[in-house]
Amino acid sequence: MIWPPSILRIRVVGEEKKGVNLWIPLFILWPLIFVAAMLFPVVARLSSKVREETGFVPSLAAGPYLWTAFAATRGMRVEVRADDAHVFVGFL
Amino acid sequence: MGNDRARILEMLKQGKITVDEAEQLLDALGQQPASEPVSAASVVAPSAGTGRKCRFLRVLVKGGSNETVDVRVPMQLLRAGVKLSALIPPEARGKVDCALGEKGINLDLANLSPEMLEDLVESMSELSVNVQGDDGETVRVFCE
């Protein structure tokens with residue numbers, strides 16, 4: 001199992017050492033995502049009924065793939081430095 | 001590994017460790033090999049050139065005057081991205097395959113097996129690109 005990122009860190013420092021340093025706790029979303037995953041089979045069954053009756057195909061298939069892609073972002077980081085300015089975005 | 005991450009976050013919450021210490025610990029934890037069993041596809045022998053498994057693709061750009069860009073992309077994201085290509089509608093995929101074929105590239109992402117994908121990622125561990133400019137600029141692309 002791939003663990004999704006627990007924190008998104010965004011740090012922007014300007015030339016006068018002023019800036020923002022955000023630690024966004026993504027782990028707060030984990031329970032919501034867990035509930036959504038539990039409900040996924042029910043929603044999938046409902047969507048197949050919708051497809052049978054209306055011909056409309058909900059794009060539910062993207063769910064697991066997007067979740068995998070989100071979980072795979074753990075460890076990704078982008079850091080840019082120029083003189084005294086510094087920008088950092090990282091999934092921890 | 002999940003318990004370790006939770007413990008670090010708990011220590012951060014209780015103020016026992018600083019934010020920077022928590023970051024270092026989480027980074028170190030992320031570099032440990034996974035303790036859970038791995039699939040047969042991922043037990044491909046590491047490349048002979050490096051003898052280690054490639055986890056991140058790094059792009060380092062250094063400009064002439066203290067300007068640096070450092071990008072680290074997990075290889076898992078590459079794997080996930082290839083799997084996302086399965087969502088491309090068949091008619092659009094046909095056009096993409098046609099266009100690639102015209103350029104002499106016979107790559108069918110839809111039929112890319114997990115073993116082939118793993119081989120592709122493993123072979124990237126030997127990737128190393130170094131470019132040096134006249135004014136001291138350097139670009140490095142490598143796996144770590």
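Heavy-atom basis, side chains included; hydrogens, waters and symmetry copies ignored. Order of the sequence lines fixes the chain letters, A, B, ..., with proteins taken first and strands second; residue numbering starts at 1 for each chain. Nothing here was measured: the structure is a model prediction, and the numbers come from that model.
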*Among the options A:A72, A:P25, A:S6, A:A71, pick out the one with the most heavy-atom pairs lying under 4.5 Å from chain B.*
A:A72
*Highest number of heavy-atom pairs under 4.5 Å with chain B: which of A:A82, A:G75, A:A69?*
A:G75
Between [X] and [Y], is there shared hydrophobic-cluster membership here, with clusters defined by ILVMFWY side-chain heavy atoms closer than 4.5 Å?
| X | Y | result |
| --- | --- | --- |
| A:I24 | A:V20 | yes |
| A:V35 | A:V42 | no |
| A:L39 | A:W30 | no |
| A:L22 | A:V13 | no |
| B:V71 | B:M75 | yes |

*Ionic contact status for B:D70 with A:R77, cut-off 4.0 Å*: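 A salt bridge links A:R77 with B:D70.
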_Proximity breakdown for A:F27 and chain B, heavy-atom pairs closer than 4.5 Å_ =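 For A:F27, the side chain is the part near chain B, not the backbone.
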*Is chain B contacted by the side chain of A:F88, its backbone, both, or neither, given a heavy-atom distance below 4.5 Å?*
side chain
*asked:* Using every non-hydrogen atom in the two residues, find where B:P74 and A:R74 come nearest and quote the distance to one decimal.
replied: CG-O, 3.4 Å
*Can you tell me how far CD of B:Q76 sits from OG1 of A:T68, rounded to the nearest 0.5 angstrom?*
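A:T68 OG1 to B:Q76 CD: 9.5 Å, rounded to 0.5 Å.
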*Look up atom CZ in A:F70 and atom CG in B:L77, then write down how far apart they are to the nearest 0.5 Å.*
11.5 Å
*Step through the shown structure and confirm whether more than 12 heavy atoms of other residues, nucleotides or ligands are within 6.0 Å of CD on B:Q132.*
no
*Look at the side chain of A:R81 and the backbone N and O of B:N66, then say whether any donor-acceptor pair between them is shorter than 3.5 Å.*
no
